[in-house]
K.L.:
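This structure is in structure tokens; I'll ask about it shortly.
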Protein chains: 2
Amino acid sequence: MVTDGPEHTERPAALAFSTENCQVAAAMRVLGERGTIVVLREVFNGVRRFDDIQQHSGLARQVLSDRLARLVEHAILRRVPYRPEGGGRARLEYRLTAKGLELYPVLAAVADWGARHYASPDGPPVELAHRGCGAPVHAALVCEAGHAVEDPREVAPRPGPGARRRAS
Amino acid sequence: MVTDGPEHTERPAALAFSTENCQVAAAMRVLGERGTIVVLREVFNGVRRFDDIQQHSGLARQVLSDRLARLVEHAILRRVPYRPEGGGRARLEYRLTAKGLELYPVLAAVADWGARHYASPDGPPVELAHRGCGAPVHAALVCEAGHAVEDPREVAPRPGPGARRRAS
DNA sequence: CACCCTGGGTCTGATTGACAGACCCAGTAG
DNA sequence: CTACTGGGTCTGTCAATCAGACCCAGGGTG
């Protein structure tokens with residue numbers, strides 16, 4: 001289906017299928033509001049308290065409040081109360097759930113693409129490292145037969161198990 | 001840095017660094033507006049004409065117009081005029097550039113996460129296949145030493161070459 | 001030639017989302 | 001008791017998105 005070839009004379013196959021249950025659309029309903037990915041970047045980088053996230057990300061306070069609430073509601077983040085060791089009142093931090101940690105490939109892929117195309121001359125300010133060996137970590141495409149898919153042109157979308165014909 | 005461990009008593013290291021040149025933020029300035037990823041989904045799936053994209057995605061026409069213009073401006077998509085074979089007026093389609101194709105890991109990662117957490121009982125309506133062998137393709141984390149990183153907890157963010165101290 | 005149709009937009013008033021700044025309340029410490 | 005701080009919430013203003021209508025250019029047809 002997706003090639004960059006001369007297919008403009010045929011109706012694309014994808015048009016015949018419904019997008020109602022599309023996994024990309026469903027994910028973007030959760031992740032796609034302004035600032036959500038940036039909030040996740042902060043938490044993945046260890047910045048977990050409301051005010052720290054707000055100042056480091058530059059997001060407006062009630063946008064941040066809304067985004068955090070939604071991420072908690074979707075079980076991507078959880079609120080963890082704690083007491084600072086030097087004493088003082090109970091505070092709150094936001095931590096990733098297992099579901100939230102599964103967003104690491106999304107964040108890594110966005111970071112890789114951003115670094116490749118928009119990095120400053122010095123390179124990106126953050127890189128991901130493999131704890132085992134210290135080598136940098138990247139997002140990649142791999143197939144279930146174990147092949148590394150280096151060229152995006154080797155990927156073809158096709159109808160999946162939940163594909164439904166559009167009523168038209 | 002990012003563990004889910006008991007680090008809440010220390011200031012997170014990431015706070016000391018500026019986010020001004022962050023690759024995630026830079027990418028999200030391009031990709032993060034409402035509907036952009038969904039537009040890219042359409043084009044990756046072979047839906048390339050304005051009206052087809054509009055109807056299939058459900059986006060409002062001037063939001064779509066704006067998003068397409070921005071994607072063209074950022075050299076992610078290009079406009080290609082063509083003539084239908086049965087005759088008729090010149091038409092336009094939107095095609096991915098090489099830079100645009102490099103977003104496949106982003107789209108795949110989003111799709112994987114969406115399918116895992118929000119798929120309908122039948123499963124996702126679209127899957128990606130490896131042209132060489134036909135096996136399904138996924139986004140994965142790999143390190144530069146060649147290891148597959150299966151557990152997100154094995155990933156640690158660290159300051160990269162472009163890391164800059166915050167003035168505070 | 002005139003007329004019609006279609007494709008890729010653009011426009012408009014109404015609704016919703018984001019902003020800066022101010023404010024609030026609860027939990028501590030002194 | 002007062003003061004301070006942390007995690008929010010509120011308010012008026014501005015920006016983004018919506019549905020529906022409209023526009024214009026490039027064709028084909030009679």
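In what follows, chains are A, B, ... by sequence order, proteins preceding strands, each numbered from 1. Because the structure is a prediction, the values reported are computed rather than measured.
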K.L.:
Tell me which one of A/V24, A/T19, A/N21 satisfies side chain to side chain contact (heavy atoms under 4.5 Å, CB included) with B/P125.
P.N.:
A/N21
K.L.:
Distance check needed: C/dG7 P versus B/I53 CD1, whole Å only.
P.N.:
14 Å
K.L.:
State plainly whether the residues B/R95 and B/E93 are in salt-bridge range, i.e. N to O under 4.0 Å.
P.N.:
yes
K.L.:
Checking side-chain polar atoms at under 3.5 Å, does B/R79 have a donor or acceptor matched by the opposite partner on B/Y94?
P.N.:
yes
K.L.:
Under a criterion of less than 4.0 angstrom to any heavy atom of chain B, what are the 5'-terminal and 3'-terminal contacting nucleotides of DNA chain D?
P.N.:
D/dT17 to D/dG28
K.L.:
Give a yes or no on whether the backbone of A/V38 and the side-chain of A/S57 come within a donor-acceptor separation of less than 3.5 Å.
P.N.:
no
K.L.:
Does A/R165 make a cation-pi contact with A/F17 (under 6.0 Å, within 45 degrees of the axis)?
P.N.:
yes
K.L.:
Tabulate protein N/O versus nucleotide N/O from nucleotides 17-19 of chain C, keeping only pairs under 3.5 Å, one per line.
P.N.:
unit_1	atom_1	unit_2	atom_2	d
C/dA18	OP1	A/R67	NH2	2.6
C/dA18	OP2	A/R67	NH2	2.8
C/dC19	OP1	A/R34	NH2	2.4
C/dC19	N4	A/Q62	NE2	2.6

K.L.:
Can you run down the salt bridge (Lys or Arg N to Asp or Glu O under 4.0 Å) pairs that involve residues 111-125 of chain A, sequence neighbours left out, and say none if there aren't any?
P.N.:
A/R116-B/E102
K.L.:
To the nearest Å, give me how far apart CZ (A/R89) and C1' (C/dA26) are.
P.N.:
6 Å
K.L.:
Does the side chain of B/D51 pick up a donor-acceptor pair with the side chain of B/Q55 at under 3.5 Å?
P.N.:
yes
K.L.:
Taking side chain to side chain donor-acceptor pair (under 3.5 Å) as the criterion, tell me which of A/R49, A/R48, A/Q54 meets it with A/D52.
P.N.:
A/R49
K.L.:
Can you check the B/R61 CZ to C/dT6 P distance for me, whole Å?
P.N.:
14 Å
